[in-house]
Amino acid sequence: MNDINRRLFLAGAAILPAACGKLGAIPVAPTAAGPVPVNPLIKQRADAQIFRHDDGYYYMTGSVPEYDRLVLRRSKTIAGLATATEVVLWRHEKSGPMSGFLWAPELHMVDGKWVVYFAAGPSGGGEDVFRIRSYAVVCDGPDPMTGKWSVLGELQTPWDSFNLDSTIFTHKGTRYMVWAQREPGIETNSNLYIAKLESALKLGKATRIAVPTLDWEIRGYKVAEAPAILQRNGRLFMTYSASATDARYCLGLLTADENADLLDAKSWVKSPQPVFVTNTATSVYGTGHNSFTVDEKGRDILVYHGRDYETIQGDPLLNPDRHTRVQRLYYTADGTPDFGVPVGNGPLPERFIAAADPKRLMAHDGTRLVAGNPALPQTQFRQSPGRAGAKSIMLSPILMPDHYLVAAKDGSISLEKDSKSADFALRSQFVRFEEKGRDALRFVAISAPGKAIGTVGDQLRLVPSRDATAYWRAD
Ligand code: AHR
């Protein structure tokens, strides 16, 4: 251990007994209740569906780069899906209409049986491979991971045309299916439709609820596909994916009141702007084909895919690097989902709400650190292991991943790039203390023992470590 590390370690170690002794604080790493997921959660799995079943397990399926098989994972935690065993439920056939691409599977319990819906096309090359239709396979037993799967049949959609990305939800006791399909007479690749699901493959009368017409929906291809439903705060929020599957791929949103007639197209109001798009600051490109779940604490989670890079060689559809990603989903004051931006690679970030003034959060405006309530992405910080002993940590804003919180000798705190200097290595180190039973935490500065991150006015500053403004609530 070289001198600076030894001094840092001693400095870090020196403050621990005092802080622990006085406050009963226990220096622990952050936990959500489950282990903190790390993005990308699952590499090379696109179109991911993750849901928490009432057996307490998370199930995950999605498209594989080869598009030749239907796979399934199961884990007690979201993070555990990353390393969970992946079983193959069914492989495409040797010939015929399901011998080519297999796209975007979804696992659902339908009339007491596990059913996987997916899109499939014939093999043989040429344009015929895009003769994509929706099918289902069914499991012969109660455990989808070990049961035997066989073809149930083709979904009976209104036209014999390109259709894919079907999903099911139940609302007020009625079961609905939403899917994407090309409709004769409408010059788009796909539109969105909703119908009652009368039985596993039988639909009621279909209603067209979205056609891609806005500029951000028709970049490369005119696409509205991959619907996903979130029922919250008296409304139904239906996300869908639009444009070509390269960096222009993005999420749109349709909203309906929970008491509306969901089979009336007028009930579904389209947001004029996309709600989730590529972000160069966090280096996530082509965000789309999402699903929704909840974390181990019951908090809403957005599941989606995205690449780590913008430029793709060849056909984006044949690019394997659409990775499964997850992140917290927050809400605006009126209960509308706030998708923010894709948070980028690494452990999930957190927000830190001032315990003394819950209307204010730890935030930044460029390199200036403030306590306020700006746009969501300015309030999300990623914690990483520190350089002053096992319990030291560093904090970095997701929008400036190469910058870190650094305490100055005058007590000010700002964002600085990692200069690799001994001075930076000292002033960027904090220890996170979870306050037993107070649902609060403090970040004590290793470079200033007895001082912690707090606020003076709307500024973040080092304050005495027991100052009321030194307490934060992670969210
Ligand atoms: O990933 C294969 C297909 O590409 C999905 O079904 C669709 O959502 C996307 O366009």
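This structure is a prediction, so every number in the text was calculated from the model and none was measured. One-based numbering, in listed order, for ligands and for the atoms of each.
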Participant: Of Arg328, Arg473, Arg382, Arg432, which is the lone residue that meets salt bridge (charged side-chain N to carboxylate O under 4.0 Å, His left out) with Glu350?
Facilitator: Arg432
Participant: Check the surroundings of atom NZ in Lys222: do more than 12 heavy atoms from other residues, nucleotides or ligands lie under 6.0 Å from it?
Facilitator: no
Participant: At less than 4.0 angstrom from any non-hydrogen atom of Arg322, what atoms of ligand 1 do you find?
Facilitator: 1 (O), 2 (C), 4 (O)
Participant: Ligand 1 and Asp47, any nitrogen or oxygen pair closer than 3.5 angstrom?
Facilitator: yes
Participant: Run the numbers for me: atoms of ligand 1, each under 4.0 Å from some heavy atom of Thr245, listed by number.
Facilitator: 9 (C), 10 (O)
Participant: Could you list which atoms of ligand 1 come closer than 4.0 Å to a heavy atom of Tyr249?
Facilitator: 8 (O), 9 (C), 10 (O)
Participant: Please write down residue, atom name and distance for the protein heavy atom closest to atom 6 (O) of ligand 1.
Facilitator: Asp165 OD1, 2.7 Å
Participant: Of all the atoms in ligand 1, which lie at a distance below 4.0 Å from a heavy atom belonging to Ala104?
Facilitator: 6 (O)
Participant: Whether Arg235 and Glu258 form a salt bridge (side-chain N of Lys/Arg under 4.0 Å from carboxylate O of Asp/Glu) is what I want to check.
Facilitator: no
Participant: Less than 6.0 angstrom separating the ring centers of Tyr249 and Trp216, yes or no?
Facilitator: no
Participant: Can you tell me the protein heavy atom closest to atom 4 (O) of ligand 1 and the distance?
Facilitator: Leu317 CD1, 3.5 Å
Participant: Would you say that more than 12 heavy atoms from the other residues, nucleotides or ligands in this model lie under 6.0 Å from the OH of Tyr330, or not?
Facilitator: yes
Participant: Between Asp321 and Tyr309, is any side-chain donor less than 3.5 angstrom from a side-chain acceptor?
Facilitator: yes
Participant: How far is atom 10 (O) of ligand 1 from its nearest protein heavy atom, and which residue and atom is that?
Facilitator: Glu225 OE2, 2.5 Å
